Amino acid sequence: MRQTEHNPEKSVRTLRVGEQVRHILSEVLQRGDVHDETLATHLVSVTEVRMSPDLRHATVFVKPLFGKDEEAVIKALRTNTAYLQREVARRMKMKYAAKLKFIADESFDEGSHIDTLLRAPGVARDLD
């Protein structure tokens, strides 16, 4: 039987693998295993990892603490991608090592913007 995009097992597997990758990257960054000055001086949260259906590509959403020096942190992660990919491959028992792509997580900014809108006097008045 051929697997399709609607197969729930496949999506559960991609979610599970993505979560494993997230935990590994979080641990590597927390322990300071990456020898990079920018990463050594910033706490970085790996908020989500989205895997491609074939598990060969991973989009990694990250956010530095307080959003400080976001561009520099993303650049440092991209510079150290090869090392991080090797660490993920070494710790996971998979046929292929996923290619990592680092992106700033904007969901916190969007949530903050929505919160600000909801607290606006005109909206608050309408909600009461």
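Owing to the predicted nature of the structure, the values given are computational and were not obtained by experimental measurement.
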How long is the span from the [atom1] atom in [X] to the [atom2] atom in [Y], to the nearest 0.5 Å?
X     : Y      : atom1 : atom2 : value
Ile74 : Asp105 : CD1   : CG    : 9.5 Å
Leu39 : Asp33  : CG    : CG    : 11.5 Å
Ile24 : Met92  : CD1   : CE    : 5.0 Å
Glu70 : His42  : CD    : NE2   : 10.5 Å
Leu77 : Leu29  : CG    : CG    : 6.0 Å
Met51 : Leu15  : CE    : CG    : 10.5 Å

- Under the salt bridge (Lys or Arg N to Asp or Glu O under 4.0 Å) rule, what do Glu27 and Arg31 come out as? Steps first, then yes or no, please. CA-CA 6 Å; Glu27 183 181 319; Arg31 288 181 30 200; 3.2 Å; yes

- Indicate whether any N or O donor in one side chain lies under 3.5 Å from an N or O acceptor in the other, for Glu19 and His23.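 Their side chains do contain a donor-acceptor pair, which is all the 3.5 Å distance test asks for.
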
- Query: Under the side chain to side chain contact (heavy atoms under 4.5 Å, CB included) criterion, do Arg50 and Phe61 qualify, and how do the steps go?
  - Reply: CA-CA 8 Å; Arg50 293 183 190 161; Phe61 293 88; 3.7 Å; yes

- Item | Steps toward side chain to side chain contact (heavy atoms under 4.5 Å, CB included) verdict (Val60, Val46) | CA-CA 7 Å; Val60 182; Val46 180; 3.7 Å; yes

Which atom names give the shortest non-hydrogen contact between [X] and [Y], and what distance separates them?
X      : Y     : value
Phe102 : Arg78 : O-NH2, 2.8 Å
Thr38  : Ala72 : CG2-O, 3.7 Å
Val49  : Gly18 : CB-O, 3.4 Å

Heavy-atom distance under 4.5 Å between the side chains of [X] and [Y], does that happen here?
X     : Y     : result
Leu55 : Arg13 : yes
Gln85 : Lys99 : yes
Val34 : Val28 : yes

- Task: State which residues pass side-chain contact (heavy atoms from CB on, under 4.5 Å) with Leu43; sequence neighbours excluded, sorted by chain then number.
- Result: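 For Leu43 the side-chain contact (heavy atoms from CB on, under 4.5 Å) partners, ignoring immediate neighbours, are Leu65.
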
- Are Val44 and Tyr83 connected, step by step, through hydrophobic side chains (Ile, Leu, Val, Met, Phe, Trp, Tyr) whose heavy atoms are closer than 4.5 Å?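 As far as the 4.5 Å side-chain criterion goes, Tyr83 and Val44 are connected within one cluster.
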
- Please step through side chain to side chain contact (heavy atoms under 4.5 Å, CB included) for the pair Leu100 and Leu25, ending with a clear verdict. CA-CA 10 Å; Leu100 303 178; Leu25 289 172; 4.1 Å; yes

- Does the side chain to side chain contact (heavy atoms under 4.5 Å, CB included) test come out yes or no for Arg16 and Thr14, once each step is laid out? CA-CA 5 Å; Arg16 183 177 46 82; Thr14 57; over 6 Å; no

